[in-house]
Amino acid sequence: GNSVTQMEGPVTLSEEAFLTINCTYTATGYPSLFWYVQYPGEGLQLLLKATKADDKGSNKGFEATYRKETTSFHLEKGSVQVSDSAVYFCALSDRRSSASKIIFGSGTRLSIRP
Amino acid sequence: EPEVTQTPSHQVTQMGQEVILRCVPISNHLYFYWYRQILGQKVEFLVSFYNNEISEKSEIFDDQFSVERPDGSNFTLKIRSTKLEDSAMYFCASSDSGRDLAKNIQYFGAGTRLSVL
């Protein structure tokens with residue numbers, strides 16, 4: 001079945017460091033790919049998405065490119081801030097289901113030191 | 001900005017009791033979902049709901065679970081007889097389209113933490 005695998009955390013970086021969180025997926029067909037973020041005490045928020053191969057999603061300085069050849073959707077940010085501390089979830093949407101459920105990775109906790 | 005609201009934020013119950021978790025989806029959305037996250041584990045899909053019926057459900061969503069949209073605004077998840085292993089964070093989500101993936105952004109609530117003692 002469809003699945004998402006992302007790098008385990010926690011990840012701890014200093015402010016202004018470069019961030020990469022790896023994500024790979026297994027899916028039949030052409031899923032849509034997402035990164036969700038969960039700030040402390042809050043719900044899941046969509047950070048960015050890509051719906052087809054080579055699409056790049058971007059938001060708040062974060063980017064991820066849909067790579068079909070490597071089945072990957074790695075999250076990157078050039079210079080992280082303390083406010084980026086959160087849990088990040090890679091996810092895919094199964095187009096075959098009528099209501100397109102989302103399948104999540106296990107989440108990566110990111111902590112940024114001032 | 002419109003948001004999905006869930007109540008209560010934390011529910012404590014005794015094993016065997018019934019619980020109802022409540023959600024108010026975004027008002028013009030048509031698709032509704034429940035997910036859960038057991039502590040330290042992945043967020044898992046439970047059920048999707050459209051046009052007053054279940055569209056899809058996972059293996060987790062057995063006869064102990066039910067969903068309902070009792071009026072035009074609320075969407076509820078009922079667990080008839082809670083077990084210890086039902087302890088988890090339950091997330092409600094809504095979207096305004098299913099197959100049109102350009103529109104199928106699911107908006108999540110902050111979650112209800114269910115603790116079964």
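Sequence lines set the chain letters: A, B, ... in the order given, protein chains first and strands last, and positions in each chain run from 1. Everything numeric here is computed off the predicted structure, so don't read it as measured data.
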Self-check item: Parallel, tilted or perpendicular: rings of A:F104 and A:F89 (30°, 60°)
Solution: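 Geometry flag for A:F104 against A:F89: perpendicular rings.
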Review point. Relative to chain A, which segment of B:E44 carries a heavy atom at a distance below 4.5 Å: side chain, backbone, both, or neither?
Key: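 When you check distances to chain A, no heavy atom of B:E44 falls under 4.5 Å.
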Exercise for the section: Sort B:Y35 into side chain, backbone, both or neither according to what part of it lies under 4.5 angstrom from a heavy atom of chain A. Expected result: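 Contact with chain A involves the side chain of B:Y35 alone.
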Just by distance, no angles: are the side chains of A:Q6 and A:T108 close enough, under 3.5 Å, to form a donor-acceptor pair?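 Result is yes, a qualifying pair exists.
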| query | With a 4.5 angstrom heavy-atom cut-off, which part of A:Q38 approaches chain B: side chain, backbone, both or neither? | reply |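 The answer is the side chain of A:Q38.
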Can you tell which part of A:L46 gets under 4.5 Å to a heavy atom of chain B, answering side chain, backbone, both or neither?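 Contact with chain B is through the side chain of A:L46 alone.
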Q.
Would you compute the distance between atom CZ of B:F91 and atom CG of B:L46 and round it to the nearest 0.5 angstrom?
A.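 B:F91 CZ to B:L46 CG: 11.5 Å, rounded to 0.5 Å.
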### Task
State plainly whether one hydrophobic cluster holds both B:V4 and B:M89, where clusters connect Ile, Leu, Val, Met, Phe, Trp and Tyr through side-chain heavy atoms under 4.5 angstrom apart.
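Yes, because B:V4 and B:M89 connect within a single hydrophobic cluster, where side-chain heavy atoms sit under 4.5 Å apart.
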